Amino acid sequence: MDNPIHRKNQGIMLRDALRTLEPYVAGQSELGYIKLSANENPFGMPRSARRAIERALKDAYRYPPSDPHLLRQNIAAHHQRSAKWITVGNGSDELLNIIAASIMERDYEGIVAAHTFSVYRQVIRLYGGKVVTFPMPEGALDWRAVLAAVGHRTHIVFLANPNNPTGSYMRSAELTALLRALPPRILVVLDEAYADFVDAADCARGEELLSQHENIVVLRTFSKIYALAGLRIGYALAAPRLTEAFNRIRSPFNCNRLAQAAALAVLNDKGSYQRARAIILAERQRMQEALRRLGFSPLPSQGNFICLPVEVPAEKYAQRLKAQGVLVRPLTSFGLPHHLRISIGRPRENWRLLRALRATRS
């Protein structure tokens, strides 16, 4: 006779969504190598952040503020808004999860670029949604391609602007045209993790459109230009109605005390910000020119990285560079099996990379 208790003990039933959920693939990180694989700020944490962390350590045995109101106020002032527009998260990854949890239902559709940050796909699938991709000819973001992908089940669009890993961007006029054409029920998530490295005057800025379109969320991070990647802290700018919903889902104490202290410090440390930005932009330009002289065709980039097409499979090329002591990111997991992503490092690190590339071509 069939025993119902026996049936119940056959194993834990995991959610169907997990069957198609692929784990995130991070860039390599190994001691003894020059690491140009993770788009980090190569100049390290500013002194202002270190001092703030040292001061905060005395209270590290206490829970941090459940609502990081002081940080939210400072971020809001930085963007000339009130704290009602700000949600703080444990890095952009947590915020992406919170946003998807707020919007997605089973069988809803979410739109992402063909070659972009994989976490967008993960959070859509995690909540039972279907991923719809739009093409990126020559690595470009085309607003018409986004619009063509929209269907009656579309509820969210993820756009990295500038895009990781191609470095391409959507222009202000293009983003405005897209928002006007989209039904207001569709949430547009603009991930601006690399916005601080933009020098193109016509690049779209999401915060400029927030007051006209309530269906926008703008994500920013302290991981890149502010060099706090290891502390995991970022924030979302959105209309108060959305922010209130996000904060219902946000875990209490989601941002630790040290991360909050460091974020407050670097937000007001204009000197460190400007020095790092100036060097990274100058090195990006120098690297693109040097790569062209070596016979490569790097994609134009507005990030702190360069997307480089290579003749042989990217995984194999990355191993060649690793043998020369340099770690870069092969883009096979981004759907670009013949491209590398190379972070902009310190001048001497970039010189080592160029020397390694010359060795692979000799």
Side-chain angles (χ1 to χ4, degrees), residues 15 17 20-22 24 67-68 71-72 75-76 79 81 83-113 116-134 141 146 149-150 153-164 170 175 178-179 182-195 204-207 209-211 213-224 232-252 254-255:
R15 293 179 58 215
T20 59
L21 205 63
E22 297 178 0
Y24 177 74
D67 175 10
L71 179 56
R72 288 174 63 214
I75 293 170
H79 293 281
R81 294 187 179 273
K84 293 180 180 179
W85 291 74
I86 309 298
T87 307
V88 178
N90 186 243
S92 295
D93 294 347
E94 185 197 24
L95 291 164
L96 288 166
N97 200 317
I98 289 170
I99 292 164
S102 304
I103 299 296
M104 296 303 293
E105 298 277 8
R106 186 174 181 82
D107 296 327
Y108 279 9
E109 292 180 353
I111 294 176
V112 302
T116 196
F117 190 41
S118 64
V119 175
Y120 308 148
R121 294 181 177 85
Q122 284 184 337
V123 296
I124 291 169
R125 289 177 176 142
L126 181 62
Y127 295 99
K130 177 185 176 184
V131 175
V132 177
T133 61
F134 65 89
L141 292 173
V146 179
V150 171
R153 289 187 175 274
T154 304
H155 283 263
I156 197 164
V157 175
F158 289 101
L159 289 173
N161 195 46
N163 184 57
N164 171 26
M170 189 169 285
L175 180 58
L178 175 62
L179 289 167
L182 283 174
R185 64 177 171 81
I186 297 176
L187 184 69
V188 178
V189 181
L190 294 170
D191 186 350
E192 296 187 349
Y194 301 96
R205 300 280 185 175
E207 63 181 296
L209 298 165
L210 279 169
S211 298
H213 301 274
E214 288 196 356
N215 60 330
I216 299 179
V217 178
V218 178
L219 295 183
R220 292 293 189 93
T221 182
F222 287 96
S223 295
K224 306 302 179 186
R232 311 307 303 126
I233 190 159
Y235 60 94
L237 283 153
R241 175 172 171 266
L242 290 171
T243 298
E244 194 272 335
F246 299 158
N247 278 307
R248 288 188 201 176
I249 296 171
R250 181 182 61 83
S251 299
N254 65 324
C255 295

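Below, all heavy atoms of this structure are taken into account, side chains as well, without hydrogens, waters or symmetry copies. Given the structure is predicted, the values throughout are model-derived calculations rather than measurements. Residue numbers count from 1 along this sequence.
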- [ ] Would you sort out whether Phe222 and Ile75 count as a side chain to side chain contact (heavy atoms under 4.5 Å, CB included), showing the intermediate values?
- [x] CA-CA 11 Å; Phe222 287 96; Ile75 293 170; 4.2 Å; yes
TODO: Begin with the C-alpha distance, continue with both residues' side-chain angles, and end with the deciding distance and a verdict on side chain to side chain contact (heavy atoms under 4.5 Å, CB included) for Arg232 and Cys255.
DONE: CA-CA 8 Å; Arg232 311 307 303 126; Cys255 295; over 6 Å; no
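A donor-acceptor pair is defined here as one N or O able to donate and one able to accept, closer than 3.5 Å; no such pair exists between the side chain of Asn161 and the backbone of Leu190. Although no hydrogens or angles enter the test, the distance criterion places a donor-acceptor pair under 3.5 Å between the side chain of Asn254 and the main chain of Val88. For the pair Glu109 (side chain) and Val132 (backbone), a donor-acceptor distance under 3.5 Å is absent. A donor-acceptor pair is defined here as one N or O able to donate and one able to accept, closer than 3.5 Å; no such pair exists between the side chain of Thr221 and the backbone of Gly234. At least one donor-acceptor pair under 3.5 Å links the side chain of Arg72 to the backbone N or O of Ala83.
Arg81 and Leu237 make their closest contact through CD-CD2, 4.3 Å (heavy atoms, listed as atom of the first residue, atom of the second, distance). When all heavy atoms are compared, the tightest approach of Val217 to Ala236 is CG1-CB, 3.9 Å. For Arg121 against Thr116, the heavy-atom pair with the smallest separation is NH1-O, 3.8 Å. Among all heavy-atom pairs drawn from Glu207 and Arg220, the shortest one is OE2-NH2, 3.5 Å. Taking every heavy atom of both residues into account, Phe117 and Asp191 meet most closely at CD2-OD2, 4.3 Å. Minimum interatomic distance between Ile249 and Ile98 (heavy atoms only, all atoms of both residues): CD1-O, 3.9 Å.
Between atom CG of residue Asn215 and atom CG of residue Leu210 there is a gap of 10.0 Å, rounded to the nearest 0.5 Å. The structure places CD1 of Ile186 at 11.0 Å from CD1 of Ile103, a figure rounded to the nearest 0.5 Å. Rounding to the nearest 0.5 angstrom, the gap separating the CD1 atom in Ile86 from the NE2 atom in His79 is 6.0 Å. Distance CD/Glu244 to NZ/Lys84: 11.0 Å, rounded to 0.5 Å. Atom CG of Leu95 sits about 6.0 Å away from atom CG of Leu219, to the nearest 0.5 Å.
With a 4.5 Å cut-off on side-chain heavy atoms, Gln122 and Asn97 do not count as touching. Between Leu159 and Phe134, the closest side-chain pair of non-hydrogen atoms falls below 4.5 Å. Contact of the Leu242 side chain with the Glu214 side chain is not registered, since no non-hydrogen atoms from C-beta on lie closer than 4.5 Å. Considering only heavy atoms from C-beta on, Ile124 comes within 4.5 Å of Met104 through its side chain.
With Phe158 as the fixed residue, the side-chain contact (heavy atoms from CB on, under 4.5 Å) test singles out one of Val123, Ile111, Val119: Val123.
Tyr127 and His155 have their aromatic ring centers separated by at least 6.0 angstrom.
For the 3.5 Å distance criterion, the side chains of Thr154 and Arg185 fail to qualify, holding no donor opposite an acceptor.
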